[in-house]
Amino acid sequence: MKKKRIGVLISGRGSNMSSLIEACKSPDYPAQISVVISNRPKAAGLEIAAREGIKTLAINHRNYDSRTAFETDLHQALKDAQVELICNAGFLRLLTADFVDKWHDRQLNIHPSLLPSFKGLHTHQRVLDAGVKITGCTVHLVRTDMDAGPIIAQAAVAVEHDDNEQTLAARVLAAEHQLYPHALKMFALGEAYVENETIKVRANTDVASSSKPRAMFSPRVING
Ligand code: GAR
């Protein structure tokens, strides 16, 4: 099997990146990580990736006069590593329409809520403030609008009556670590594909059949 070459973009600790690294170790996983790039040179995830023998790069956005100049170097670094798909994994930098268009349908993002609800930062506190009883996480294709784009997969997490921001974030993060490798696999294999700005799942695939992964990630509480 020809594995898809992935570029992972991070800004911090990189725990979602780590879950992708682990998944990619499996010989039958359809993706491999070619490069990990952080816009913050001190991101802890860079060290983790380097220890795994993965090429890492810091492209510090503060060294650039404009977003465009930063993104020109980012784009080139991804090209140099022959990246086919980008996975944003806690990459907390807004990207311009120009960059997003260059990677149209080739850039995934994970967000810690059930999109389209609770876009943006401080998600878990806003979930608690709103009093919703189910939250979760979403892997989607990147579009110009922040935290928007065709949804590849979601996992649901119950909000407990005694949750605080930290306890809720921890349970959603655990779900993220399962969801991202699953969504990337579906997309890399072409089992999930875009049609009219929504994701369709091919018939007769593992995900479309009644096998466990689909049940796990259909809209139900997996952590309640
Ligand atoms: C994750 O919870 C991810 O969903 C979130 O940042 C965290 C990064 O953690 N991303 C966003 O909020 C994007 N809008 P990690 O560095 O340990 O993967």
Side-chain angles (χ1 to χ4, degrees), residues 6-24 31 33 35-52 54 56-61 67 74 85-96 99-100 103 107-130 132 134-159 163-184 187 217 222-223:
I6 308 298
V8 181
L9 302 186
I10 62 168
S11 296
R13 71 189 156 182
S15 70
N16 277 291
M17 173 206 74
S18 293
S19 77
L20 294 176
I21 291 174
E22 284 310 309
C24 287
I33 299 176
V35 67
V36 171
I37 303 176
S38 173
N39 64 310
R40 296 198 181 131
K42 290 192 175 146
L46 282 179
E47 267 182 43
I48 297 169
R51 272 204 300 275
E52 294 283 347
I54 295 168
T56 60
L57 281 173
I59 304 180
N60 188 346
H61 64 275
R67 277 184 195 273
L74 180 60
L85 284 177
I86 300 174
C87 287
N88 295 0
F91 181 67
L92 302 178
R93 187 99 194 125
L94 283 180
L95 294 161
T96 67
F99 184 92
V100 170
W103 292 92
Q107 185 175 19
L108 282 61
N109 182 47
I110 187 155
H111 182 76
S113 77
L114 291 177
L115 291 175
S117 295
F118 303 105
K119 298 174 179 179
L121 296 174
H122 311 298
T123 320
H124 304 298
Q125 190 56 54
R126 287 187 291 121
V127 161
L128 292 169
D129 292 346
V132 300
I134 297 178
T135 183
C137 49
T138 303
V139 175
H140 64 97
L141 287 171
V142 174
R143 295 293 185 255
T144 318
D145 291 341
M146 185 187 61
D147 298 327
I151 290 169
I152 299 173
Q154 292 185 308
V157 174
V159 181
D163 261 331
N164 58 41
E165 197 179 357
Q166 286 72 34
T167 56
L168 184 57
R171 287 206 316 289
V172 173
L173 192 65
E176 291 182 51
H177 295 161
Q178 296 177 63
L179 187 69
Y180 213 168
H182 170 75
L184 174 60
F187 196 71
F217 294 107
I222 62 165
N223 241 332

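Along the sequence shown, residues carry numbers from 1. A quick note: this is a predicted structure, and the numbers were derived from the prediction, not measured. Remember, it's 1-based here, ligands and their atoms both numbered in the order they're listed.
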Chemist: Considering only NZ, NE, NH1 and NH2 on the basic side and carboxylate oxygens on the acidic side, decide whether Asp145 and Lys119 come within less than 4.0 Å.
Modeler: no

Chemist: Say you draw a straight line from CG of Leu173 to NE2 of His124; how long is it, rounded to the nearest 0.5 Å?
Modeler: 7.5 Å

Chemist: Please confirm whether Ile110 comes under 4.0 Å of ligand 1, counting heavy atoms of the residue only.
Modeler: yes

Chemist: Could you list the atoms of ligand 1 found under 4.0 angstrom from a heavy atom of Glu176?
Modeler: 1 (C), 2 (O), 3 (C), 4 (O)

Chemist: Ser15 heavy atoms, cut-off 4.0 Å: which ligand 1 atoms fall inside?
Modeler: 15 (P), 16 (O), 17 (O), 18 (O)

Chemist: Give me the nearest non-hydrogen protein atom to atom 11 (C) of ligand 1 as residue plus atom name, then the distance to 0.1 Å.
Modeler: Pro112 CD, 3.7 Å

Chemist: Hey, does Ile6 have a side-chain heavy atom less than 4.5 Å from the side chain of Leu20?
Modeler: no

Chemist: Relative to ligand 1, is Val172 under 4.0 angstrom through side chain, backbone, both or neither, heavy atoms considered?
Modeler: neither

Chemist: Which residue owns the protein heavy atom closest to atom 14 (N) of ligand 1, what's the atom, and how far is it?
Modeler: His111 ND1, 3.0 Å

Chemist: Run the salt bridge (charged side-chain N to carboxylate O under 4.0 Å, His left out) test against Arg143 and tell me which residues pass, sequence neighbours left out.
Modeler: Asp105, Glu197

Chemist: Val8 versus Ile54: any side-chain heavy-atom pair under 4.5 Å?
Modeler: no

Chemist: Taking N or O atoms only and a 3.5 Å limit, does Asn109 qualify as a polar contact for ligand 1?
Modeler: no

Chemist: Quick check on contacts: which atoms of ligand 1 are under 4.0 angstrom from a heavy atom of Asp147?
Modeler: 14 (N)

Chemist: Can you find a heavy atom in the side chain of Leu115 that is under 4.5 Å from one in the side chain of Ser113?
Modeler: yes

Chemist: Report yes if some N/O of Leu173 lies less than 3.5 Å from some N/O of ligand 1; otherwise report no.
Modeler: no

Chemist: Under 4.0 Å from a heavy atom of Gly90: give me the atoms of ligand 1 that qualify, with their elements.
Modeler: 6 (O), 8 (C)

Chemist: Would you check the N or O atoms of Arg13, main chain and side chain alike, for any that come under 3.5 Å of an N or O of ligand 1?
Modeler: yes

Chemist: Does Glu47 have more than 12 heavy atoms from other residues, nucleotides or ligands lying within 6.0 Å of its CD?
Modeler: no

Chemist: Side chains of Thr138 and Ile110, heavy atoms from C-beta outward: is any pair under 4.5 Å?
Modeler: no

Chemist: Looking only at protein heavy atoms, which one is nearest to atom 16 (O) of ligand 1, and what is the separation?
Modeler: Gly14 N, 2.9 Å

